[in-house]
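Only one structure is covered here, and it is reproduced in the block below.
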Amino acid sequence: NHGQAIDLDKIDLADPRVFEVFVRGETKGIFQFESGGMRDVLMKMKPNRIEDLIAANALYRPGPMVNIDSYVARKHGERWKTPHPIMDEVLKETYGIMVYQEQVSRLVNRLGGIELKRAFRLAKAISKKKTSMIEAEREPFLAGCEKNGVRRETANEIFEDILRFGGYAFNKAHSTGYALVAFKTAYLKTYYPAEYMAALLTFEMDSQDKVVEYIEECKRMGIAVSAPDINVSGHDFTVVKEKNGRESLRFGLAAIKGVGDKAVNAILAAREAGPFKSIFDFCERVDLSAVNHAVLGNLVKAGAFDSTGAMRRALMAVLEDAIRHGQGAAEDRRSGQMSLFGGGEAPPPRTAPRIS
């Protein structure tokens, strides 16, 4: 129901329809998952749980990327094993691959008996390659492992593994935050596609490249994007119900190149009195100190006046005349006010020429 408020903290994080967006790599406009490389990873990985999105986020960086193929293969059934059952348990979520700093500190804590606070400091030191701090913990780790029944030689191999892969480890809490935002944006794109794309285009309207990219995505999704219209468009991209019941997007006036907020506000304020019948009517009613020649030209070229029935070429030809007409009308209004208070004769109202 589009009239209801959505509580994004209560959505089902196992919703298969939302995961389909990731599986198909249709993640244009999805936080952190937009790049071509990341979309390839998703299509290979076929995520079906939030933990996969958290891992994808942590793995898709220089360094850890080397582990992506292993993660994918193991997720889809390849057997894996680590040197110790405790390691199996700690790394189960990521199929035996060290992906998170939290896993590194848990391994150091549970295998080597090093208290968690110290273990967390060691995980940080490993990620920052602080050799002296790392080496100071090697002996205590080996001794702790021996207490847990791990042979010294195996314990040393495990420590080397932790150093090698722990250097790539990413903070899981950070990656989880990203994955949750990504899932929520994908949820909106799945269930409220037109509204989501309208919000996205509005957010990115200052970037011509992004606007073009997301309009292409709208087309792929089967959402029509209508040209800007001086009588229908708002400041932002808006969702419009078509006669056939489908939803389309209407281009926002502020998204037209060279049309700023000041101009849009002046247009919307004047439009409150009713639709504009022509470019002359427009120039008569809109504050021309906010909408100058360049802005008006950009509106015409973007098709914002097409619905008035005039051809763009004809509109460009009468641009100067329309502005002069508008300035004259403003002048008349001013002198009309003067005569009202000063007793002079008010000038007759101007009539706008017809154009087709």
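Keep in mind that what you see is a predicted model, and the values were worked out from it rather than measured.
The hydrophobic cluster of Met43 has no other members, since no ILVMFWY side-chain heavy atom comes under 4.5 Å of it. Under a 4.5 Å side-chain heavy-atom criterion applied to ILVMFWY residues, the cluster that includes Val181 comprises Phe31, Tyr178 as well. Counting Ile, Leu, Val, Met, Phe, Trp and Tyr side chains that sit under 4.5 Å apart, directly or through other members, Met133 stands alone, with no cluster partners.
Pairs of residues two or more places apart, or lying in two chains, never qualify as salt bridge (Lys or Arg N to Asp or Glu O under 4.0 Å) while including a residue from residues 225-237. Listed by first and then second residue, the salt bridge (Lys or Arg N to Asp or Glu O under 4.0 Å) pairs that reach into residues 294-308 are Asp306-Arg312, sequence neighbours excluded. Pairs passing the side chain to side chain donor-acceptor pair (under 3.5 Å) check and including a residue from residues 108-120, sequence neighbours excluded, read Glu89-Arg110, Arg118-Glu137. Applying the salt bridge (Lys or Arg N to Asp or Glu O under 4.0 Å) test to pairs two or more places apart or on separate chains, those with a residue in residues 175-184 are Asp9-Lys184. Applying the side chain to side chain donor-acceptor pair (under 3.5 Å) definition to pairs two or more places apart or across chains, those involving residues 248-261 are His235-Asp261, Glu242-Ser248.
Taking the six-membered ring for Trp and the full ring otherwise, the centers of Phe237 and Phe251 sit less than 6.0 Å from each other.
Under the 30°/60° scheme for interplanar angles, the aromatic rings of Phe22 and Phe19 are found to be tilted.
Annotation: side chain of Leu91 is in contact with side chain of Leu107 (closest heavy-atom distance under 4.5 Å). With contacts defined as side-chain heavy-atom distances shorter than 4.5 Å, the pair Thr308/Phe282 does not qualify. A 4.5 Å side-chain heavy-atom check between Pro83 and Glu157 finds every atom pair outside the cut-off.
Of all non-hydrogen atoms in Thr27 and Phe33, the two that sit nearest each other are OG1-O, 2.6 Å. Scanning both residues, Trp80 and Lys92, for their nearest heavy atoms gives CH2-CA, 4.0 Å. The shortest heavy-atom contact between Glu247 and Ile223 is O-CG2, 4.3 Å. Here the closest heavy-atom approach between residue Val291 and residue Val286 is recorded as CG2-CG1, 3.6 Å. Nearest heavy atom pair, residue Cys283 against residue Leu296, reads SG-CD2, 3.6 Å. The two atoms that bring Pro47 and Val23 nearest to each other are O-CG2, 3.4 Å, heavy atoms only.
Using a 4.0 Å cut-off between a side-chain N of Lys or Arg and a carboxylate O of Asp or Glu, Arg17 and Glu20 do not qualify as a salt bridge. A salt bridge between Glu26 and Arg220 is present, with a side-chain N of the basic residue lying under 4.0 Å from a carboxylate O of the acidic one.
With no hydrogens or angles considered, a side-chain donor-acceptor pair links Asp287 and Ser289 at under 3.5 Å.
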Under 3.5 Å, sequence neighbours excluded: what are the donor-acceptor pairs made by side chains of residues 58-68?
from  : atom 1 : to     : atom 2 : distance (Å)
Arg61 : NE     : Ala58  : O      : 2.9
Arg61 : NH2    : Ala58  : O      : 3.0
Arg61 : NH2    : Tyr168 : O      : 3.0

Which pairs of donor and acceptor atoms, one on a side chain in residues 50-57, lie under 3.5 Å apart (sequence neighbours left out)?
from  : atom 1 : to    : atom 2 : distance (Å)
Asp52 : OD1    : Arg49 : NE     : 3.0
Asp52 : OD1    : Arg49 : NH2    : 3.2
Asp52 : OD1    : Tyr71 : OH     : 2.7
Asp52 : OD2    : Asn48 : N      : 3.2
Asp52 : OD2    : Lys75 : NZ     : 2.7

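Shown here is Arg246, whose CZ atom has no more than 12 heavy atoms of other residues, nucleotides or ligands within 6.0 Å.
Partners of Glu139 according to the side-chain hydrogen bond (donor to acceptor under 3.5 Å, both in side chains) rule, which considers only residues two or more places apart in sequence or in another chain, are Arg152. A search for side-chain contact (heavy atoms from CB on, under 4.5 Å) contacts involving Ala143 returns nothing, not counting sequence neighbours.
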